[in-house]
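See below for the structure under consideration.
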Number of protein chains: 2
Amino acid sequence: MRTVMTQLPNTPTSADVARLAGVSRATVSYVLNNAGTVRISEPTRRRVREAARELGYVPHAAARSLRAGHSRMVLMPAPSIPVGPLYGAFINELQWALGRLDYTVVQYGSGGLEGDEAARAWAELRPVAVLVPGAGLGPAGVQVLKRSGVRAVVTLGPGRVDGAHALLMDHDAVGHRAGRHLYERGRRRIGVVMPAEAGLDAFSRPRLAGVRQALRGTDATATELPLRYTEEDAGRLAGRWRESGLDAVFAYNDEYAMLLLRALQDEGLDVPGDVAVIGADDLMLGRLLRPRLSTVHIELPSGRCLAELVDRAVRDPAAEPEVHQVLGATVVRRESS
Amino acid sequence: MRTVMTQLPNTPTSADVARLAGVSRATVSYVLNNAGTVRISEPTRRRVREAARELGYVPHAAARSLRAGHSRMVLMPAPSIPVGPLYGAFINELQWALGRLDYTVVQYGSGGLEGDEAARAWAELRPVAVLVPGAGLGPAGVQVLKRSGVRAVVTLGPGRVDGAHALLMDHDAVGHRAGRHLYERGRRRIGVVMPAEAGLDAFSRPRLAGVRQALRGTDATATELPLRYTEEDAGRLAGRWRESGLDAVFAYNDEYAMLLLRALQDEGLDVPGDVAVIGADDLMLGRLLRPRLSTVHIELPSGRCLAELVDRAVRDPAAEPEVHQVLGATVVRRESS
DNA sequence: TTGAAAGCGGTACCAG
DNA sequence: CTGGTACCGCTTTCAA
């Protein structure tokens with residue numbers, strides 16, 4: 001006794017189309033895929049197309065790629081932390097560029113899984129390529145992916161991983177430029193804001209290291225300044241500023257810089273007189289402050305360029321992994337330093 | 001004559017695991033899925049697990065869901081325009097919440113496809129549910145999805161679509177609050193910034209309509225102010241301000257508001273004396289300006305709440321579509337209005 | 001020009 | 001407790 005309460009539409013398959021058109025499934029496949037090797041008469045083609053339209057037939061991607069033994073899916077983990085406009089624009093451009101090359105980009109919501117654990121989940125989808133921002137994927141993860149038929153693994157982050165192509169985003173350079181700039185402006189006691197928010201230390205630590213490196217062998221010092229992204233915490237930090245004796249600060253990025261800048265001014269400190277401030281990312285909004293915020297402009301690779309790398313790698317999976325240095329960092333001096 | 005230049009690792013299948021463990025594919029499946037209905041001896045289980053580990057076996061999601069006739073994939077189109085921190089945080093929360101309910105969230109890079117065209121592409125993946133932000137999906141698209149076995153279609157946007165659940169984000173309300181606020185502050189000639197950037201008019205138009213509605217039946221007027229997100233264009237707009245006679249502006253969101261605010265001040269106009277400015281989104285950075293930016297705080301639904309809606313809908317696909325009003329808009333008055 | 005059939009990788013029923 | 005096997009939807013030889 002089956003009580004069917006709700007008549008869910010039975011999803012039409014190519015067999016249904018074939019039946020309706022009075023042909024075989026093979027013919028349906030030929031017609032709908034415009035197979036070049038076989039000639040199908042025009043009347044038949046029309047009947048098939050008509051039947052497909054009438055039934056609302058949509059091919060089943062899983063079945064197709066199961067049969068084909070491969071797909072054109074490029075998988076990236078979805079960012080688990082809110083991501084700035086810079087990186088967001090980069091992703092969009094990349095998706096578009098890969099779309100032009102007939103790949104389908106899919107961002108996988110890794111819901112809690114980390115690094116090599118996540119790699120297993122990604123591998124289940126049998127993508128043709130995987131793009132992994134940040135660190136977190138180890139050589140083991142790369143192996144899992146490759147063994148599952150992934151033809152190209154590309155990491156975009158601070159370091160390279162064995163077996164994967166790498167787009168090195170050298171955040172040290174960002175800190176280095178900032179540190180050098182502040183030093184050249186005569187600053188010697190330099191604070192470096194370290195966001196307290198989780199997930200950002202992958203970027204903040206290299207940036208700090210870069211500052212340290214720029215200052216190595218000089219009489220200048222770099223001091224870590226933990227900061228939560230709240231007005232209260234910025235006020236607290238600014239309140240202790242005079243006693244700290246710091247005469248400059250590299251504020252991780254423009255948002256933290258703006259936050260701190262305002263707090264410093266509220267404490268009666270003069271920027272850049274008493275303390276020079278520089279951010280990073282070159283956000284539009286930084287230009288609107290008084291004084292206009294100096295910043296480290298960051299140049300990401302073009303989406304097109306990365307898309308081409310992926311395509312190359314997919315076509316020749318056995319080639320040596322490419323390693324590119326892709327993060328350009330330039331100081332844009334405005335009024336705050 | 002096959003010249004194999006590169007020994008690509010042959011992806012292990014459950015058959016390989018079975019062979020290595022000396023059991024059948026069925027047994028492998030039982031063991032690896034912890035099938036409750038069948039008892040497998042502990043030694044066998046160990047042999048199977050060991051073999052799977054050794055081969056680096058990863059199950060093939062497509063094959064599995066092909067056989068099962070369904071998946072737990074929730075598909076959303078990836079945003080094609082850079083998205084603010086508000087919405088980004090919402091997506092993250094949603095992904096996490098759906099992950100807790102054992103769904104896999106996938107953002108599909110629709111690379112150029114629009115609305116109902118895109119629906120067909122999504123349907124190929126046979127997701128169990130589809131979440132569509134914005135307008136653009138019509139009833140036809142919903143039908144395509146449902147006929148392809150999608151059990152829940154949820155739109156988050158300005159209006160409802162036949163057959164789909166709707167989380168109504170009433171951007172009119174944002175404009176309405178802003179308009180009413182400015183009116184109550186005694187302003188009568190109100191400008192409304194309309195971003196020139198593509199893709200934003202889905203939001204900006206309702207917001208404008210909301211302002212108009214708030215002003216209906218009063219002696220106040222709303223004037224459209226096209227604005228590109230550049231300093232030059234803001235300067236141009238500010239340069240013509242005095243002759244426009246406007247005494248207030250609702251600037252679409254906080255970013256455009258900040259841009260315009262600075263430009264107005266550079267023109268020697270007093271904010272809020274000569275012109276009141278209000279934005280929207282309640283960005284942290286707006287609080288840092290002088291004067292602090294008034295704004296319309298927007299409350300999005302909690303990810304958990306939406307995840308539960310999805311789960312309900314998936315469990316009972318035949319239920320009446322739910323329609324919820326989910327966008328809370330509240331004026332946060334600071335110093336610029 | 002079209003059809004029959006094998007098989008992609010897994011799952012689940014039924015026999016043993 | 002375990003193995004054989006049919007089948008999910010689609011593509012692609014091979015024959016007719």
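This is a predicted model, so every value here is computed, not measured. Just so you know, these numbers use all the heavy atoms, side chains as well, and skip hydrogens, waters and symmetry mates.
The side chain of B:Thr27 sits closest to D:dG3 out of C:dG10, C:dT1, D:dG3. Side chain of B:Val23, nearest nucleotide from D:dT2, D:dG3, C:dC13: D:dG3. Closest to the side chain of B:Thr13, out of D:dT2, C:dG10, D:dG9, is C:dG10. In this structure, of C:dC13, C:dG10, C:dG3, it is C:dC13 that holds the atom nearest to the side chain of B:Tyr30. Among the nucleotides D:dT2, D:dG9, C:dG10, the one closest to the side chain of B:Ser41 is D:dT2. Residue B:Arg25 has its side chain nearest to C:dG9 when only C:dT2, D:dC1, C:dG9 are considered. Counting only heavy atoms from C-beta on, A:Arg39 has its side chain closest to C:dT1 among D:dC14, D:dC8, C:dT1. Relative to the side chain of A:Ala26, the nucleotides C:dC8, C:dG10, C:dA5 differ in distance, and C:dA5 lies closest.
A salt bridge does not link B:Arg47 with B:Glu50: none of the charged nitrogens is closer than 4.0 Å to a carboxylate oxygen. Using a 4.0 Å cut-off between charged side-chain N and carboxylate O, B:Arg315 and B:Asp311 make a salt bridge.
We find that CG of B:Asp16 is positioned 9 Å from P of C:dG10, with the value rounded to whole Å. Rounded to whole angstrom, the span from the CG atom of A:Asn10 across to the P atom of D:dG9 amounts to 9 Å. Atom NE2 in B:His60 sits roughly 13 Å away from atom C1' in D:dC8 (whole-Å rounding). Here the P atom of nucleotide C:dG10 and the CD atom of A:Glu124 are 10 Å apart, to the nearest Å. Separating the CZ atom of B:Arg19 from the P atom of C:dG9 is a distance of 11 Å, rounded to the nearest angstrom. Look at CZ on B:Arg46: it is 15 Å from P on D:dC1, rounded to the nearest Å. One atom, CG of B:Leu125, and another, C1' of D:dG9, lie 15 Å apart when rounded to the nearest Å. With rounding to whole Å, B:His70 atom NE2 is found 16 Å from D:dG9 atom C1'.
Close to C:dT11, at under 4.0 Å from its OP1 or OP2, lies a side-chain N or O of B:Arg64. The phosphate of C:dT2 (OP1 or OP2) has no side-chain N or O of A:Ser24 nearer than 4.0 angstrom. Distances shown here put every side-chain N or O of B:Asn33 at or beyond 4.0 Å from the OP1 or OP2 atom of C:dG10.
Counting heavy atoms from C-beta outward, B:Ser302 and B:Phe90 have side chains that stay 4.5 Å or more apart. Here the side chains of A:Leu125 and A:Leu75 are in contact, with some heavy-atom distance below 4.5 Å.
At a threshold of 4.0 angstrom between heavy atoms, the contacts of B:Arg67 include nucleobase atoms, whether or not backbone atoms are also involved. Nucleic acid contact class of A:Ser29 (heavy atoms, under 4.0 Å, all strands): base. Looking at heavy-atom distances under 4.0 Å, B:Thr44 makes contact with sugar-phosphate atoms alone, never a base. Within the nucleic acid shown, A:Ala68 has no heavy atom closer than 4.0 Å to any nucleic acid atom.
For B:Arg126 and B:Arg45, each mapped to the nucleotide of DNA chain D holding its nearest heavy atom, the one lying further toward the 5' end belongs to B:Arg45.
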Salt bridge (Lys or Arg N to Asp or Glu O under 4.0 Å) assessment of A:Glu308 paired with A:Arg304: CA-CA 6 Å; A:Glu308 279 162 5; A:Arg304 205 174 55 74; 2.8 Å; yes
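Contact between B:His165 and B:Glu320 at its shortest, heavy atoms only, is CE1-O, 3.9 Å.
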